[in-house]
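Inspection log for the structure reproduced underneath, given as structure tokens.
Just so you know, these numbers come straight off a predicted model, no measurement behind them.
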Amino acid sequence: MTPIPFVPELHFEQVKDWLQHWNELMVPEALPKTGFIIPGKAAGFLYRTDSSMALIENLVAAPGLPKDERNVAVDAIVAAVCEEAARQGFKMLLGYTLLDAVVKRAERTGFVYVGGNFHLVARPL
């Protein structure tokens, strides 16, 4: 499976539907310009900063996708985001989750578990 660049006009509705399955609401302007998708399978995004660190976020797979197929697709998306982050010159890629399964995937793909629970806060501007 080879991820392709995410194009909002072509792929947003699919990603929005996948995220809604997990009770996450998404609007087009909340996604960064850099993302990857395997249509019908999975997507993920690179959130850039003005520092040497970037974030990998909004990793999502199609609901109902068989576990083995989901693993291959999400791993391919993670690899694509990591490669793009390195290509753009970032030195560290951060991610966050509350799910142990995501931590295990991250460790399997070269991330290091930093630790702790987290609380996410947001402020509308």
Report the distance from atom CG of Leu46 to atom CD1 of Ile56, rounding to the nearest 0.5 Å.
8.0 Å

Just how far is it from atom CG of Asp75 to atom CG of Leu59, taken to the nearest 0.5 Å?
10.0 Å

Indicate the atoms forming the closest heavy-atom contact of Ala76 with Pro3, along with that distance.
O-CG, 3.4 Å

Arg105 side, atom CZ; Arg108 side, atom CZ - distance, nearest 0.5 Å
5.0 Å

Going by the rule side chain to side chain contact (heavy atoms under 4.5 Å, CB included), which residues pair with Lys67 if we only count those two or more places apart in sequence or in a different chain?
Arg70, Asn71

Would a single hydrophobic cluster contain both Phe36 and Val102, if residues Ile, Leu, Val, Met, Phe, Trp and Tyr are joined by side-chain heavy-atom contacts under 4.5 Å?
no

State the CG-NZ distance between Leu25 and Lys16, to the nearest 0.5 angstrom.
9.0 Å

With heavy-atom distances below 4.5 Å as the criterion, would you say the side chains of Glu24 and Trp18 are in contact?
no

Distance from His11 atom NE2 to Ile38 atom CD1, nearest 0.5 Å?
11.0 Å

Step through the shown structure and confirm whether more than 12 heavy atoms of other residues, nucleotides or ligands are within 6.0 Å of CE on Met53.
no

Go through the steps for Leu93 and Phe111 under the test side-chain contact (heavy atoms from CB on, under 4.5 Å), then give the verdict.
CA-CA 8 Å; Leu93 189 58; Phe111 286 76; 3.9 Å; yes

If you define the side chain from C-beta out and look only at heavy atoms, does anything of Leu10 sit under 4.5 Å from Pro39?
no

Among Val15, Asp17, Ile77, Ile37, side chain to side chain contact (heavy atoms under 4.5 Å, CB included) partner for Val60:
Val15

List in chain and number order the residues that pass side chain to side chain contact (heavy atoms under 4.5 Å, CB included) with Leu31, two or more places apart in sequence or in another chain; answer none if no residue qualifies.
Phe6, Phe12, Met26, Phe45, Tyr47, Asn58

So NZ of Lys33 and CZ of Arg48: to nearest 0.5 Å the spacing works out to 7.0 Å

Residues Lys104 and Glu107 bridged, charged N to O under 4.0 Å
no

Taking the side chain as every heavy atom from C-beta outward, state whether Thr49 and Phe90 have any atom pair closer than 4.5 Å.
yes

